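See structure below.
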Amino acid sequence: MAGSTRVGVLALQGDVREHAALLMQLGADVVLVRRREELAAVDGLVIPGGESSVIDKLSRIFDMQAPIRDAIAAGMPVYGTCAGLILLADTVRDGIDGQESFGGMDIEVRRNAFGRQTESFETEIDVPALGDRPVRATFIRAPIVERAGADVEVLAALADGAIVAVEQGNLLGTSFHPEVDGETRFHERFLAKARDFAEARTR
Ligand code: GLN
């Protein structure tokens, strides 16, 4: 093995530490990404949960929107949880005025889709792509994927059909937060993509 995979966590706002800790536990070399140079040094990026409108605004203030869009267009693996999923969506519903996303996934996502009554909840969901053991999923003011394009693979849905985990090529997104439940399989899947991307780059 030629060293560990170097991946970034977008560190503008949100649960950056939880993702960084989990990725390190999985053996990755983790960079907190706030600048263009830091993004250029990684082979994958996690966009954490938090507040998508704040991460969006800060990304523009820090001149990171264009570099992140370029990285996505170049095929860099990106994993977004909750607010991070919103930022990967081509279309965002119920955003604040002027809210933008990085986009890249052909999905339509509705923010805070579970309403005020259910600010947060936990449940177990089946994610066949990750094996037989169900995933313990924590939802916190979570979005739902209301439309997924033909190139998007739906990895998980709730009993009522609400789509909560999606994948399109090197982009992976979940409405919930595996990083708070010690669920490692989504991050492992992301790291495998980052490893392949790094290899393809140096070939
Ligand atoms: N409601 C938040 C948003 O719109 C997402 C919440 C979360 O990331 N836990 O960005």
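Order of listing sets the numbers, starting from 1, for every ligand and every atom in it. Predicted model only: the values in this text are computed from it and were never measured.
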Would the number of heavy atoms belonging to other residues, nucleotides or ligands and lying under 6.0 Å from CZ of R185 be above 12? yes
If we count only N and O atoms by modelled type, under 3.5 Å, do the side chains of S4 and D29 hold a donor and an acceptor together? no
Subset of ligand 1 atoms that lie under 4.0 Å from at least one heavy atom of I86: 3 (C), 4 (O), 10 (O)
For T81 and ligand 1, does the shortest N/O to N/O distance drop below 3.5 Å? no
Identify, for atom 4 (O) of ligand 1, the protein heavy atom at the shortest distance, and state residue, atom and that distance. R111 NE, 2.7 Å
Give the atom numbers and elements of ligand 1 that come within less than 4.0 Å of a heavy atom of E51. 2 (C), 3 (C), 4 (O), 10 (O)
Ring centroid separation for F176 and F121, is it under 6.0 angstrom? no
Check each heavy atom of R141 against ligand 1 and say whether those closer than 4.0 Å belong to the side chain, the backbone, both or neither. both
Looking only at heavy atoms, is any part of I55 under 4.0 Å from ligand 1, and if so is it the side chain, the backbone, or both, or is it neither? neither
For a quick check under 3.5 Å, do Q168 and E153 share a side-chain donor-acceptor pair by atom type? no
Proximal atoms of ligand 1 relative to S52 (non-hydrogen, under 4.0 Å): 3 (C), 4 (O), 10 (O)
Decide whether an N or O pair under 3.5 Å exists between C82 and ligand 1. no
Find the distance between OG (S59) and CD (Q13) and round it off to the nearest 0.5 Å. 11.5 Å
Decide whether an N or O pair under 3.5 Å exists between I140 and ligand 1. yes
Quick check: is L12 connected to L32 through a chain of hydrophobic side chains (ILVMFWY, heavy atoms under 4.5 Å apart)? no
Let me confirm one number: the CG-CD distance from D181 to E124, rounded to the nearest 0.5 Å. 9.5 Å
Would you mind listing which atoms of ligand 1 come within a distance below 4.0 Å of any non-hydrogen atom of G49? 8 (O)
Residue, atom and distance of the protein heavy atom nearest atom 1 (N) of ligand 1 read N112 OD1, 2.6 Å
Decide side-chain contact (heavy atoms from CB on, under 4.5 Å) for L88 and V78; before the verdict, give the C-alpha distance in whole Å, the side-chain angles of both, and the deciding distance to 0.1 Å. CA-CA 9 Å; L88 285 176; V78 181; 3.8 Å; yes
Looking only at distances, can you tell me whether any N or O atom of G50, backbone or side chain, sits closer than 3.5 Å to an N or O atom of ligand 1? yes
